[in-house]
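Structure first, commentary second.
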Number of protein chains: 2
Amino acid sequence: MAKVRVHNFSVTLDGFGAGTGQRVEAPFGDGVEGLHDWMFSAMEDGATGVDAERVKQWDVNVGATIMGRNMFGPVRGEWEDESWKGWWGDNPPYHHDVFVLTHHARPSLPMEGGTTFHFTNEPVEKVLERAVEAAGGKDVVVAGGAATIQQYLRAGLIDELNLVVVPILAGAGERLFDNLEGASENYRVAEQVSSPSVTHVRLVRR
Amino acid sequence: MAKVRVHNFSVTLDGFGAGTGQRVEAPFGDGVEGLHDWMFSAMEDGATGVDAERVKQWDVNVGATIMGRNMFGPVRGEWEDESWKGWWGDNPPYHHDVFVLTHHARPSLPMEGGTTFHFTNEPVEKVLERAVEAAGGKDVVVAGGAATIQQYLRAGLIDELNLVVVPILAGAGERLFDNLEGASENYRVAEQVSSPSVTHVRLVRR
């Protein structure tokens with residue numbers, strides 16, 4: 001059965017998915033340098049081990065993605081124009097429909113390679129419905145950031161969270177496990193496995 | 001050289017060192033059931049592996065301990081009498097001077113086996129001076145809870161933190177990495193090693 005899942009979401013040891021001051025030059029903000037180093041290493045040719053195995057799973061059987069606006073770009077408030085087309089270049093690695101949660105409407109943006117960004121301020125439940133339909137039976141990934149994942153956790157709509165705890169300290173920023181209003185009671189840790197670099201933790205619904 | 005260290009301090013995956021509602025029947029509060037299961041397993045006769053190795057280090061070369069009042073007992077406010085003698089029975093496992101941070105004075109409490117509890121509302125720097133002197137060249141352990149560790153981190157007085165990340169979710173309680181006012185910038189993760197149960201992380205000063 002198709003799942004709604006979070007995959008390879010990296011948090012610092014002190015629990016932050018992003019630092020402070022997110023901007024073009026620092027998409028994840030300050031204080032989180034190295035947060036995704038494990039991933040880049042794991043994506044290198046010939047990489048093996050648990051990190052490489054996990055990274056490879058990131059797009060397996062995924063038919064649609066949902067993300068917060070900060071994960072699409074650094075622009076805040078109204079779109080001044082439509083020149084910003086995401087962090088991933090002309091051919092983004094999604095190759096399917098990507099729903100971007102934003103209060104600021106904008107026409108859908110088809111990219112090379114099959115990715116289309118849709119911008120929506122509909123309720124998260126409605127966005128998920130659209131994503132499930134777009135996914136055509138495959139899984140839907142809630143990509144991030146933390147605030148977006150929190151919204152879906154509070155709504156009880158996430159089936160599985162694959163987190164990566166990275167041994168760095170951010171000190172400040174956007175915490176993943178925050179603003180959950182008790183929703184974490186509905187989840188348990190089903191698996192924990194470490195590489196020399198990071199710890200992978202899989203949370204599933206109780 | 002003698003160190004000031006935190007050892008085997010367990011936090012949940014979402015970063016809590018204790019849950020809500022700490023009381024006699026639940027010294028660590030609600031929502032953290034199982035937080036120390038790894039430790040009890042590791043203390044069993046014949047236990048081996050990284051958890052057992054870490055647990056065994058907890059009192060090696062330690063000459064004095066500092067703890068917050070909640071770690072001494074569930075009593076809040078004024079001591080009604082002096083009948084509460086800590087969570088650990090007549091012969092506590094410390095066997096050295098233990099300094100309990102509290103605003104409410106009380107005479108020092110010598111126990112069997114060499115442990116003496118001292119109650120103090122002096123500044124954390126001063127308490128550490130006394131503990132260092134009492135330790136006679138051995139290490140001083142800051143045992144917890146989270147608020148006490150935070151005070152010593154903010155004061156820049158901790159040399160090394162050995163934390164244990166336990167794959168459970170508390171949802172609420174006392175976070176370790178909170179109220180640090182930038183102090184985490186002064187620390188880096190020097191080592192991370194996992195057992196099948198938990199992840200041990202060692203933080204040291206930069």
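Throughout, a chain's letter reflects where its sequence line sits, starting with A, and its residues are numbered from 1.
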[X] atom [atom1], over 12 foreign heavy atoms within 6.0 Å:
X	atom1	result
A/Glu185	CD	no
B/Glu191	CD	yes
A/Glu80	CD	no
B/Glu133	CD	no

Next item on the list: Pull out the residues in residues 166-176 of chain B that come under 4.5 Å of chain A, heavy atom to heavy atom, sorted by number.
Entry: B/Pro167, B/Ile168, B/Leu169, B/Gly171, B/Arg175
Next item on the list: Could you please spell out the steps behind the side chain to side chain contact (heavy atoms under 4.5 Å, CB included) verdict for A/Leu13 and B/Leu203?
Entry: CA-CA 10 Å; A/Leu13 178 63; B/Leu203 303 180; 3.9 Å; yes
Item checked: Proximity breakdown for B/Ser195 and chain A, heavy-atom pairs closer than 4.5 Å -> backbone
Item checked: A/Val165 versus chain B, the contacting section by heavy-atom distance below 4.5 Å -> both
